[in-house]
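Structure first, commentary second.
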Amino acid sequence: MNNYICVTCGVQYAESEEPPEHCLICEDERQYIGTNGQQWTTLAELRQGHRNLIQPQEPGLIGIGSDPAIAIGQRALLVQQAAGNVLWDCISLLDEATIRAVKELGGIAAIAISHPHFYSSMVEWARAFGAPIYLHADDRQWVMRPDTAIVFWQGEQRTLAGGLTLARCGGHFAGGTLLHWAGGAGGRGALLSGDTIQVVSDRRYVSFMYSYPDLIPLPAAKVRHIVESVGPFAFERVYGGWWDRVVTEDGKAAVARSAERYIKAIGGG
Ligand SMILES: [Zn+2]
Ligand SMILES: [Zn+2]
């Protein structure tokens, strides 16, 4: 028996004798099947050819990403705080070296994930650190490895320990979630956004899509809703889902001006 991991999206499935026939996440119109067809791997295989890089991003924030990159290639973020560390988003590879290093950084008290593309090996991480996983209930259908560690939260916001708040903004996925870290950027606040709000190559801007690989935009109303969902929060920085995708200053204004530009471009203004 094995918990197979989809090579294209990096999501780990419930235990099975044979690899699953389908990856429901990749068959969804927001993802894709790789050119060689549906391929599967395992954690044991990934451990042979990859390792995790653990790199400080700013005081109290550590990036964790695999090298070479796996599947979608996101990096997770560990928010370090006295009230208990929170792992924001997740990655497919977990190995002994990572467990040791993260324990030295204070471990993980809770895991929260922006959307199903980053569910990855979340259950492995939850078990290694004895942490619950907070997922928005509106994305429940996309959980491919159900587990008692998963806490489905509902509604628009959920407060976590410390100065952390989960905010559902929808868009890319119905349960698409952001994490606001009030203590980030030296107390000016940081928004951890995965690709629900995507920091783009010009890091003064962000973007919003229904599908990134298949380039399906969002309608104006959904983009406006995303901006409204961050209205209550102050933030200077926006940490996207990849190492180099960070808006370092004026983050809240960057989200607002990016939404305006986007809505104009799709003729929805
Ligand atoms: Zn997949
Ligand atoms: Zn995604």
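Numbers here are sequence positions counted from 1. Whatever order the structure lists ligands and atoms in, that order sets their numbers, starting from 1.
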- Item | Name, closest N/O/S atom of H117 to the Zn ion (ligand 2) | ND1
- Identify whether NZ of Lys or CZ of Arg in R261 sits under 6.0 Å from the centre of the six-membered ring of Y205 and within 45° of that ring's axis. yes
- Item | Aromatic Y119 / basic R145 pairing, under 6.0 angstrom, 45° off normal | no
- Message: Are H172 and H117 an aromatic pair, judged by ring center distance below 6.0 Å?
- Response: yes
- Take W88 and Y239 through the test ring-ring contact (aromatic ring centres under 6.0 Å, His included) and record every step on the way to the result. CA-CA 11 Å; W88 170 246; Y239 285 91; over 10 Å; no
- Considering just N/O/S atoms, say which atom of D195 is closest to the Zn ion (ligand 2). OD2
- Item | Angle subtended at the Zn ion (ligand 1) by SG of C6 and SG of C26, nearest 10° | 100°
- Query: Which value, rounded to 10°, describes the SG(C9)-the Zn ion (ligand 1)-SG(C23) angle?
  - Reply: 110°
